[in-house]
Amino acid sequence: TVCMKSNAGSDKSAKTMEKIEKKMKSIPKELGVPSVLQNDFIYLQRAKADSDMNREDGTDIDLCIGGMRDMLSHVNIISGEPFSESGITEDGRIEVILSQECMTGKGLLVGEELTFSSLKLPDGSPVRIVIKGVFKADGDSEYWQMPPSEYREVCFTSMDSFRELFTGENAGRYTLY
(Lines give C-alpha, C1' and ligand atoms only; values in the text may rest on other atoms or scores of the structure.)
Protein backbone atom coordinates (compact mmCIF):
# COMPACT_ATOMS: atom_id res chain seq x y z
CA THR A 1 0.00 0.00 0.00
CA VAL A 2 1.31 3.41 -1.00
CA CYS A 3 -0.34 6.53 0.37
CA MET A 4 0.66 10.06 -0.66
CA LYS A 5 -0.63 13.02 1.30
CA SER A 6 -0.15 16.57 0.16
CA ASN A 7 -1.46 20.04 0.78
CA ALA A 8 -2.04 21.73 -2.54
CA GLY A 9 -2.22 25.30 -1.23
CA SER A 10 -4.78 27.49 -2.96
CA ASP A 11 -2.27 29.49 -5.00
CA LYS A 12 -1.06 26.42 -6.90
CA SER A 13 -3.69 23.76 -6.29
CA ALA A 14 -4.40 22.83 -9.90
CA LYS A 15 -0.77 22.24 -10.87
CA THR A 16 0.04 20.49 -7.59
CA MET A 17 -2.96 18.16 -7.91
CA GLU A 18 -1.99 17.28 -11.49
CA LYS A 19 1.56 16.46 -10.37
CA ILE A 20 0.34 14.30 -7.48
CA GLU A 21 -2.07 12.37 -9.69
CA LYS A 22 0.59 11.82 -12.34
CA LYS A 23 3.07 10.60 -9.72
CA MET A 24 0.52 8.23 -8.15
CA LYS A 25 -0.15 6.62 -11.53
CA SER A 26 3.58 6.06 -12.12
CA ILE A 27 4.44 4.48 -8.74
CA PRO A 28 3.41 0.86 -9.48
CA LYS A 29 5.54 0.81 -12.64
CA GLU A 30 8.48 2.42 -10.82
CA LEU A 31 8.26 -0.20 -8.06
CA GLY A 32 7.70 -3.05 -10.49
CA VAL A 33 4.42 -4.10 -8.89
CA PRO A 34 0.88 -4.37 -10.27
CA SER A 35 -1.61 -1.64 -9.46
CA VAL A 36 -4.38 -3.48 -7.63
CA LEU A 37 -6.41 -0.48 -6.50
CA GLN A 38 -6.00 3.24 -6.92
CA ASN A 39 -8.10 5.32 -4.61
CA ASP A 40 -8.17 9.08 -4.72
CA PHE A 41 -9.33 11.01 -1.67
CA ILE A 42 -9.35 14.76 -2.14
CA TYR A 43 -10.87 17.19 0.30
CA LEU A 44 -11.12 20.89 1.08
CA GLN A 45 -9.69 22.56 4.13
CA ARG A 46 -12.09 22.34 7.06
CA ALA A 47 -14.55 25.23 7.23
CA LYS A 48 -17.38 26.40 9.47
CA ALA A 49 -20.87 25.57 8.30
CA ASP A 50 -24.17 26.97 9.48
CA SER A 51 -27.28 24.83 9.62
CA ASP A 52 -30.31 26.14 7.76
CA MET A 53 -32.43 24.64 10.58
CA ASN A 54 -31.86 27.68 12.85
CA ARG A 55 -30.31 25.51 15.56
CA GLU A 56 -30.25 26.92 19.06
CA ASP A 57 -27.95 24.28 20.54
CA GLY A 58 -24.79 26.31 19.97
CA THR A 59 -23.17 23.46 18.05
CA ASP A 60 -20.10 24.46 16.06
CA ILE A 61 -20.16 22.63 12.77
CA ASP A 62 -16.70 22.43 11.20
CA LEU A 63 -16.49 20.06 8.25
CA CYS A 64 -14.42 19.20 5.20
CA ILE A 65 -16.07 18.47 1.88
CA GLY A 66 -14.38 15.61 0.08
CA GLY A 67 -14.61 13.11 -2.70
CA MET A 68 -13.33 9.54 -2.83
CA ARG A 69 -13.16 7.45 -5.98
CA ASP A 70 -15.85 4.75 -6.25
CA MET A 71 -16.93 5.36 -2.66
CA LEU A 72 -20.49 4.08 -2.95
CA SER A 73 -19.12 0.62 -3.79
CA HIS A 74 -17.33 0.53 -0.42
CA VAL A 75 -20.00 1.72 2.02
CA ASN A 76 -23.32 0.57 3.39
CA ILE A 77 -25.92 3.34 3.66
CA ILE A 78 -27.51 2.85 7.09
CA SER A 79 -29.82 5.87 7.05
CA GLY A 80 -31.15 8.00 4.22
CA GLU A 81 -29.82 7.42 0.73
CA PRO A 82 -26.60 7.86 -1.25
CA PHE A 83 -25.80 11.03 -3.19
CA SER A 84 -27.18 10.97 -6.73
CA GLU A 85 -25.08 10.38 -9.81
CA SER A 86 -24.81 14.13 -10.42
CA GLY A 87 -24.24 14.86 -6.73
CA ILE A 88 -26.07 18.19 -7.09
CA THR A 89 -29.70 19.03 -6.30
CA GLU A 90 -31.89 21.04 -8.65
CA ASP A 91 -31.35 24.13 -6.47
CA GLY A 92 -27.55 23.74 -6.57
CA ARG A 93 -26.86 22.10 -3.21
CA ILE A 94 -24.10 19.51 -3.07
CA GLU A 95 -25.45 16.13 -1.97
CA VAL A 96 -23.29 14.49 0.70
CA ILE A 97 -23.11 11.41 2.87
CA LEU A 98 -21.47 11.26 6.29
CA SER A 99 -19.91 8.51 8.34
CA GLN A 100 -21.88 7.41 11.36
CA GLU A 101 -19.11 8.92 13.54
CA CYS A 102 -19.44 12.29 11.82
CA MET A 103 -23.22 12.28 12.07
CA THR A 104 -23.28 11.53 15.80
CA GLY A 105 -20.19 13.58 16.68
CA LYS A 106 -21.53 16.71 14.99
CA GLY A 107 -25.18 16.12 15.91
CA LEU A 108 -26.31 16.32 12.30
CA LEU A 109 -29.46 14.92 10.70
CA VAL A 110 -30.29 13.31 7.38
CA GLY A 111 -31.96 16.02 5.30
CA GLU A 112 -30.20 18.84 7.12
CA GLU A 113 -28.91 21.62 4.90
CA LEU A 114 -25.71 23.50 5.68
CA THR A 115 -24.13 26.64 4.24
CA PHE A 116 -20.38 27.33 4.18
CA SER A 117 -20.29 31.15 4.00
CA SER A 118 -16.49 31.21 3.75
CA LEU A 119 -16.40 28.86 0.75
CA LYS A 120 -17.58 30.39 -2.50
CA LEU A 121 -18.44 28.68 -5.75
CA PRO A 122 -17.08 30.19 -8.99
CA ASP A 123 -20.30 32.23 -9.37
CA GLY A 124 -19.68 33.82 -5.94
CA SER A 125 -22.46 32.03 -4.11
CA PRO A 126 -21.67 30.18 -0.86
CA VAL A 127 -21.16 26.42 -0.92
CA ARG A 128 -24.36 24.73 0.26
CA ILE A 129 -24.80 21.04 1.06
CA VAL A 130 -27.63 18.69 1.93
CA ILE A 131 -27.03 15.54 3.96
CA LYS A 132 -28.54 12.68 1.99
CA GLY A 133 -27.39 9.74 4.09
CA VAL A 134 -25.20 8.09 6.69
CA PHE A 135 -22.77 5.30 5.92
CA LYS A 136 -20.70 2.61 7.56
CA ALA A 137 -17.60 1.42 5.76
CA ASP A 138 -17.81 -2.03 4.22
CA GLY A 139 -14.61 -3.10 5.98
CA ASP A 140 -12.44 -3.28 2.83
CA SER A 141 -9.15 -2.27 4.43
CA GLU A 142 -7.45 -2.05 1.02
CA TYR A 143 -9.82 0.74 -0.01
CA TRP A 144 -9.78 2.92 3.08
CA GLN A 145 -6.65 5.06 3.44
CA MET A 146 -7.39 5.58 7.13
CA PRO A 147 -9.71 3.73 9.47
CA PRO A 148 -13.22 4.88 8.49
CA SER A 149 -13.70 6.33 11.97
CA GLU A 150 -11.04 8.93 11.08
CA TYR A 151 -13.39 10.53 8.54
CA ARG A 152 -15.48 12.06 11.35
CA GLU A 153 -15.14 15.60 9.98
CA VAL A 154 -15.64 14.84 6.29
CA CYS A 155 -18.82 14.97 4.28
CA PHE A 156 -18.48 13.11 0.99
CA THR A 157 -19.93 13.88 -2.41
CA SER A 158 -19.35 12.13 -5.70
CA MET A 159 -15.77 12.39 -6.93
CA ASP A 160 -17.02 13.73 -10.28
CA SER A 161 -18.97 16.51 -8.57
CA PHE A 162 -16.06 17.31 -6.28
CA ARG A 163 -13.63 17.55 -9.20
CA GLU A 164 -16.01 19.67 -11.26
CA LEU A 165 -16.63 22.14 -8.45
CA PHE A 166 -13.30 22.33 -6.64
CA THR A 167 -10.42 21.24 -8.91
CA GLY A 168 -9.14 22.11 -12.38
CA GLU A 169 -9.68 25.75 -13.23
CA ASN A 170 -11.48 26.26 -9.90
CA ALA A 171 -8.66 24.81 -7.75
CA GLY A 172 -7.02 28.18 -7.12
CA ARG A 173 -9.98 29.22 -4.98
CA TYR A 174 -9.50 26.46 -2.40
CA THR A 175 -6.92 24.71 -0.24
CA LEU A 176 -7.01 21.07 -1.27
CA TYR A 177 -5.57 18.03 0.47
Taking every non-hydrogen atom, the tightest pair across Gly111 and Val130: O-CG2, 3.9 Å

Exam field: side chain Glu101 to backbone Arg152, donor-acceptor pair closer than 3.5 Å: no

Exam field: side chain Asp62 to backbone Glu153, donor-acceptor pair closer than 3.5 Å: no

Under 3.5 Å donor-acceptor, Thr115 side chain and Arg128 backbone: no

Any Cys155 side-chain heavy atom under 4.5 Å of Ile131 side chain: no

Taking every non-hydrogen atom, the tightest pair across Tyr174 and Leu165: CE1-O, 3.8 Å

Identified ring pair (Phe, Tyr, Trp, His ring centres under 6.0 Å) partner of Phe156 from the options Tyr151, Tyr43, Phe83, Phe162: Tyr151

For the student: nearest non-hydrogen atoms of Ser79 and Val110, plus distance: OG-CG2, 3.6 Å

Side-chain (Thr157) to main-chain (Val96) donor-acceptor, under 3.5 angstrom: no

Any donor-acceptor pair under 3.5 Å from Tyr177 side chain to Phe41 backbone: no

4.5 Å side-chain heavy-atom contact, Arg173 and Pro122: yes

Under 3.5 Å donor-acceptor, Ser125 side chain and Leu121 backbone: no

Steps toward side-chain contact (heavy atoms from CB on, under 4.5 Å) verdict (Ile77, Lys132): CA-CA 10 Å; Ile77 301 295; Lys132 297 294 285 185; over 6 Å; no

Residue Glu85 excluded, over 12 heavy atoms near CD under 6.0 Å: no

